[in-house]
Amino acid sequence: MTSYLHKAQIPEALRSMIKEAILECKNSNEIPDGLKQVIMHNFNAKYVHLDCEGSSLEIGVEKPDALSLYPKLVTYTYSLDKTDWLKESIKENDNDLEFYAKIIARNNGMGANTEVILY
């Protein structure tokens with residue numbers, strides 16, 4: 001199946017999807033797959049964890065250490081009550097928009113093999 005999306009529509013559709021996914025996080029105590037993929041993409045994260053007690057997301061990002069053979073994982077904690085941090089992380093170059101469009105298409109019930117065409 002093919003999905004056609006205008007580049008200008010994608011950031012707004014993604015913001016709407018994020019808003020719905022955050023509500024789902026709060027209600028079901030699970031991170032929706034699309035939200036997890038967006039966070040991992042935007043922050044180059046190694047993991048995303050939902051802290052149900054603190055109503056927050058923990059995001060693990062790898063930080064290279066020149067003195068160590070292994071990179072360090074730094075954990076950032078963001079509140080689910082304020083989502084500006086996530087909405088501001090949306091990137092608007094063509095590769096990122098195509099990635100977001102595929103997630104939006106999957107979130108709207110299209111299959112994982114859906115071809116997305118941006119115009």
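Counting begins at 1 with the first residue of the sequence.
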Which residues satisfy the side chain to side chain contact (heavy atoms under 4.5 Å, CB included) test with [X], sequence neighbours excluded?
X   : answer
S16 : E20
K19 : none
A13 : I104

Do you know the tightest heavy-atom contact between [X] and [Y]?
X    : Y   : answer
I90  : I18 : CD1-CD1, 4.2 Å
P71  : P64 : CB-CA, 4.3 Å
K63  : Y76 : CE-OH, 3.4 Å
A101 : I10 : CB-CD1, 3.8 Å
C25  : L80 : CB-CD1, 4.1 Å

Atom [atom1] of [X] and atom [atom2] of [Y]: how far apart are they, to the nearest 0.5 Å?
X    : Y   : atom1 : atom2 : answer
L73  : E62 : CG    : CD    : 6.0 Å
I103 : L14 : CD1   : CG    : 7.5 Å
E12  : M17 : CD    : CE    : 12.5 Å

Sidechain N-carboxylate O distance under 4.0 Å for D94, K7
yes

Report yes or no: does N27 contribute a side-chain atom to a donor-acceptor pair with the main-chain N or O of L23 at less than 3.5 Å?
yes

Where at least one partner belongs to residues 70-84, residue pairs that pass salt bridge (charged side-chain N to carboxylate O under 4.0 Å, His left out), sequence neighbours excluded
K26-D81, D65-K72

Running the 4.5 Å side-chain criterion over Ile, Leu, Val, Met, Phe, Trp and Tyr, what cluster does Y70 land in, apart from itself?
L69

Criterion side chain to side chain contact (heavy atoms under 4.5 Å, CB included) on L57 and I39, from CA distance to verdict
CA-CA 10 Å; L57 287 172; I39 291 171; 3.6 Å; yes

Check residues 40-54 and write down every donor-acceptor pair under 3.5 Å in which the side-chain atom is one partner and the other belongs to a residue at least two apart or another chain.
from : atom 1 : to   : atom 2 : distance (Å)
H41  : NE2    : D96  : OD1    : 2.6
N42  : OD1    : Y100 : OH     : 2.6
N42  : ND2    : S89  : O      : 3.4
N42  : ND2    : S89  : OG     : 2.9
Y47  : OH     : T75  : OG1    : 2.6
D51  : OD1    : E53  : N      : 3.4
D51  : OD1    : G54  : N      : 3.4

